Participant: 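Below is one structure. I have some questions about it.
Quick note on labels: first sequence line is chain A, next is B, and so on, each numbered from 1. A quick note: this is a predicted structure, and the numbers were derived from the prediction, not measured. Heavy atoms only: backbone and side chains are in, while hydrogens, waters and symmetry mates are out.
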There are 2 protein chains.
Amino acid sequence: MAVTRRTSRDIRSESRLDVLHALLLAGEASRGDLVGVTGLSNATVATVVSDLIEGGLVIEARRTGGRVGRPTTSLRLNGNRGRIVGVDVAETYIRATVFDAALDELASAEVAADEHDDDADYVVDRIVSALDAAIGQAGVARADVLGVGISLPGGMAGWGGVSAVVPDATWPHVDRLRERIDLPIVIDNPLKAIATAELWFGEGRRHASMITINLGTGVGAGIVLEGTILRGATNFAGEWGHSLLALDGRQCRCGRKGCVEAYVGASGIQQTLAGIAPAHPLAAETTQREFIGALAAALEPPSPDPAVSETMDLTARYLGSAIADLVAIVNPEMITLTGWTAWALGGHLVPAVRRRVIEESPGDAAAGLAIEVSTVRGNSVATGIATIALERFLSDVGLVTTRLPTAL
Amino acid sequence: MAVTRRTSRDIRSESRLDVLHALLLAGEASRGDLVGVTGLSNATVATVVSDLIEGGLVIEARRTGGRVGRPTTSLRLNGNRGRIVGVDVAETYIRATVFDAALDELASAEVAADEHDDDADYVVDRIVSALDAAIGQAGVARADVLGVGISLPGGMAGWGGVSAVVPDATWPHVDRLRERIDLPIVIDNPLKAIATAELWFGEGRRHASMITINLGTGVGAGIVLEGTILRGATNFAGEWGHSLLALDGRQCRCGRKGCVEAYVGASGIQQTLAGIAPAHPLAAETTQREFIGALAAALEPPSPDPAVSETMDLTARYLGSAIADLVAIVNPEMITLTGWTAWALGGHLVPAVRRRVIEESPGDAAAGLAIEVSTVRGNSVATGIATIALERFLSDVGLVTTRLPTAL
DNA sequence: TGGATAAATCTAACCTTTAGAAAAACGGTT
DNA sequence: AACCGTTTTTCTAAAGGTTAGATTTATCCA
């Protein structure tokens, strides 16, 4: 596939996204504020805003009379334009979250999922019931739902061996899902979701390049370059969890040996602990999220568990080395950590990881690199996949013309 | 650093580059041909071409009277517009190559360099003498030289520990180099050079994403995404040679342990051979390029050396696994191999590497992936760095306005 | 009622692109 | 020698985009 040509229409499309994004971040802003934030001229902002008002996405909120002079009319996103739902299908749970059109969270519902049940019918059922529960809880009419984003942990294993996120090789059950849900659907994978979340709510647009790392059952990286998500040829970009940390190392659930995930994924961390203290009670914990939560608790003063501390040190080394590889290859300006492992253990891990990355990265590649726990609010997978659904809606309405290469 | 805004001028700039590139590839083409190749309208092509003719870069070559109708005026790059020199500073040699403005090679000169002498004065001297020799041999007046591109293997070690390619942290001796040469100079690193070469003479523009891998003393990857070179925050992107293949593995010259380079760099391959057959005569060869050449010779039928064959198998496994990591993270459409190791051994390595990559890449990431020896003519580092110098010249003349983020 | 002032809008200029009409250049035919 | 058909190249008009700067609008205050 060759590179696509850019036309002046794309510029307008980007201007619209810029304005929307600025409004989303600011909550409320005048046209003049938007000029300052976006760097666009006041004329452009005016026309873009009137497009958005016409599309019902933006409303004039109120007039703030200053001391003197014409009062400011502040603008904000029109949350009542409709509802967006994001569904985070994880290995251990399925959670559906309802947002308004300003991407403020309204309600959410979670159903447990059997980690070992790959049956498509089962998964489709669970997705539908989580979705229905969330919509019901939010008290939203189905007709108000502008779009549903579903994040499927594609790429690896299961699901009949067929990835759900490859644009060409469709997951064979998408049609059934679409039929059952009967709303506009977008499917993508969690890495693209967290990258999108970072682009709208986090560090994505403040840096020319950034990577957000997802730490949970699985491990992966959302790569954002020049404000664009790196998807790669088959939407597999960022599957860093299945890059090598150690040749012929630990067995990974993907079949390969020595993957990053086998060391810093939740069960990898447990394996590390078991290596240090085989008889440690936490080494036998069967629920991954319980295990990670217990680790965090065991580190609290006044008496941090020494085996757990050692586990954290080793995990930080593994993670630091693996991140250094990412730095060597992509050399980003900033890295954020997200996912439930990061939320629970991030504070303990970040300083050691940072040291290790600087030590291990080639030359000065990590010189100005910032590494932080992500500031994206809430569950960044759900937020991100909902944002992708919103982008898709904007595109359907014609407010955005840039091709959005989402999967399905 | 935030993302920069695109204006309509950038579009014109890109159109000019597109036309130039099409002309470079075709050698000779009419305006109509260019319309077909670039996808631009005939009006745009006409204005762009007249800009380029005015700038002296393109000339109307001749009129080819067809059977009937207005005869075609074919256009081509004006080689006589001036000369460009590319200097490939490698660990073991320094080679300067003179090109005309159509990037056809005119002459080149090589001087040996001591692999272990890092002294800046020494290196500057060698660069200057290679440059002078090449210019002399080509019989070119200094005033005709539009620019000199110098590729320095920055990033790693040596050179007083300061990287030459970090835009901000200047190599302390650049000023001296500039003073001695007294011509417009651009400095960049070889990975960016081979990526540029691939963009102008190879597969770069035919694919939305591609990676070109440099195999020589050092090892690295030039990453091309959407027709743009990935540079990263500090121009270190692509230093994949110093990403991990094996945690705590072989000692690498960069100080880290287990880098890819320590396994598939020239001396890494030698180490692999020594591991298989410690007493093998080639294991004692002291010149890297001789060693690689001898390996290729030893594989020729009718009696391929079994120890060398085994070395190749193992090297292909290492290289395949390392490339699979790149595929997991970037997921490119195509990968090319370049550098003298690839030219000598590529034919033997590629099939096994390809198998290994498909086996080791996550999911279907490598499904449609092509892996080939690069088709870029000649030394792609010299060609690429010269092309960067030409781009810089175009920018100075005002024909290209897109910021070209070269180092110095 | 009439300033002073700040925000929002309008205007004109300039940039790009494309589609399609018009012009140019030539061989062959009358 | 004049004309015609054909093909390539150039020109023209329309549509979109952007910006800087002038103009209008809306309010408070004297």
Participant: With sequence neighbours left out, what residues match A:T228 under side-chain hydrogen bond (donor to acceptor under 3.5 Å, both in side chains)?
Facilitator: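 With sequence neighbours excluded, A:T228 shows a side-chain hydrogen bond (donor to acceptor under 3.5 Å, both in side chains) to no residue whatsoever.
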Participant: Could you tell me which residues satisfy side-chain contact (heavy atoms from CB on, under 4.5 Å) with B:S50, sequence neighbours excluded, listed by chain and number?
Facilitator: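 Residues passing side-chain contact (heavy atoms from CB on, under 4.5 Å) with B:S50: none at all.
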Participant: Between P on D:dT9 and CD on B:E60, what's the gap in Å once rounded to a whole number?
Facilitator: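 Distance check: B:E60 CD to D:dT9 P gives 9 Å.
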Participant: Indicate yes or no: does A:R231 engage A:D188 in a salt bridge with an N to O separation below 4.0 Å.
Facilitator: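 Salt bridge between A:R231 and A:D188, a charged N being under 4.0 Å from a carboxylate O: yes.
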Participant: For C:dT17 and B:S15 - does any side-chain N or O of the residue sit under 4.0 Å from the phosphate oxygens OP1/OP2?
Facilitator: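 For B:S15, the contact criterion (side-chain N or O under 4.0 Å from OP1 or OP2 of C:dT17) is met.
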Participant: With B:S374, which residues qualify under side-chain hydrogen bond (donor to acceptor under 3.5 Å, both in side chains), at least two apart?
Facilitator: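 Per chain and number, B:S374 pairs via side-chain hydrogen bond (donor to acceptor under 3.5 Å, both in side chains) with B:E198.
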Participant: What's the closest nucleotide to the side chain of A:A43 if the choices are D:dA20, C:dA19, D:dT18?
Facilitator: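 Within the option list, the nearest is D:dA20.
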Participant: Tell me: CZ of B:R12 to C1' of D:dG16, nearest whole Å?
Facilitator: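 So the CZ-C1' distance, B:R12 to D:dG16, works out to 15 Å.
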Participant: Can a donor-acceptor pair be found between the side chains of A:S15 and A:T44 at a distance below 3.5 Å?
Facilitator: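 Short answer, no.
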Participant: So if I take every side-chain heavy atom of B:L40 and compare against C:dT9, D:dT18, C:dT18, which nucleotide ends up nearest?
Facilitator: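 Selected nucleotide (nearest to the side chain): C:dT18.
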Participant: Grab the CZ-P distance between B:R31 and D:dT7 for me, whole Å please.
Facilitator: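 In whole Å, D:dT7 P and B:R31 CZ are 19 Å from each other.
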Participant: For B:S151, enumerate each residue passing the side-chain hydrogen bond (donor to acceptor under 3.5 Å, both in side chains) test, keeping only those at least two apart in sequence or located in another chain.
Facilitator: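 With sequence neighbours excluded, B:S151 shows a side-chain hydrogen bond (donor to acceptor under 3.5 Å, both in side chains) to no residue whatsoever.
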Participant: State which of C:dA7, D:dT10, D:dT9 makes the closest approach to the side chain of B:A46.
Facilitator: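 That would be D:dT10.
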Participant: Once ring pair (Phe, Tyr, Trp, His ring centres under 6.0 Å) is applied, what residue pairs with a partner in residues 15-39 of chain B remain, sequence neighbours excluded?
Facilitator: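 Qualifying pairs: B:H21-B:W200.
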Participant: Of the listed nucleotides (D:dG17, D:dA26, D:dT8), which one gets closest to any side-chain atom of A:P71?
Facilitator: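 Shortest atom-to-atom distance from the side chain points to D:dA26.
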Participant: For nucleotides 22-25 of chain D, give me every protein contact, N/O to N/O, under 3.5 Å, one pair per line with atom names.
Facilitator:
unit_1: D:dT25; atom_1: O2; unit_2: A:R70; atom_2: NH1; d: 3.4

Participant: Whole angstroms only, please: what is the CZ-C1' distance between B:R16 and C:dT16?
Facilitator: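 Distance check: B:R16 CZ to C:dT16 C1' gives 11 Å.
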Participant: Which angle, to the nearest 10 degrees, lies between the helix axes at the two ends of the helix from C:dT1-D:dA30 to C:dT30-D:dA1, each defined by five pairs?
Facilitator: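 The angle, to the nearest 10 degrees, is 50°.
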Participant: C:dA8 phosphate, OP1 or OP2: any side-chain N/O from A:T73 under 4.0 angstrom?
Facilitator: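 The answer is yes; a side-chain N or O of A:T73 sits under 4.0 Å from OP1 or OP2.
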Participant: Test of understanding: with side-chain hydrogen bond (donor to acceptor under 3.5 Å, both in side chains), list the residues that count as partners of A:R31, not counting sequence neighbours.
Facilitator: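 Once residues adjacent in sequence are excluded, the partners of A:R31 under the side-chain hydrogen bond (donor to acceptor under 3.5 Å, both in side chains) criterion are A:E60, A:T73.
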Participant: Could you tell me the separation between the CG atom of B:L34 and the P atom of D:dT8, rounded to a whole number of Å?
Facilitator: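 Distance, rounded to whole Å: 13 Å.
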Participant: Excluding sequence neighbours, so at least two apart, what forms side-chain contact (heavy atoms from CB on, under 4.5 Å) with B:L369?
Facilitator: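 Testing B:L369 for side-chain contact (heavy atoms from CB on, under 4.5 Å), a comparison that skips the adjacent residues, returns B:V327, B:P332, B:I335, B:V357, B:A366, B:I371.
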Participant: Can you see if the side chain of A:T44 gets near the phosphate of D:dT19 - specifically, an N or O under 4.0 Å from OP1 or OP2?
Facilitator: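 It does, given that an N or O in the side chain of A:T44 lies less than 4.0 Å from OP1 or OP2 of D:dT19.
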Participant: Specify the residues of residues 48-59 of chain B, ordered by number, for which at least one heavy atom lies under 4.0 angstrom from an atom of DNA chain C.
Facilitator: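 Within this stretch, nothing sits under 4.0 Å of the strand.
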Participant: List the residues meeting side-chain contact (heavy atoms from CB on, under 4.5 Å) with B:D100, not counting sequence neighbours, and say none if there are none.
Facilitator: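 Partners of B:D100 by the side-chain contact (heavy atoms from CB on, under 4.5 Å) criterion, ordered by chain and then number, come out as B:R83, B:A102, B:D104, B:L106.
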Participant: For B:V35, check side-chain contact (heavy atoms from CB on, under 4.5 Å) against everything at least two apart and list the hits.
Facilitator: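 Residues passing side-chain contact (heavy atoms from CB on, under 4.5 Å) with B:V35: B:N42, B:V45.
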Participant: I would like to know whether B:D51 and B:R12 meet side-chain contact (heavy atoms from CB on, under 4.5 Å); could you show each step before the answer?
Facilitator: CA-CA 11 Å; B:D51 288 350; B:R12 167 56 58 101; 3.3 Å; yes
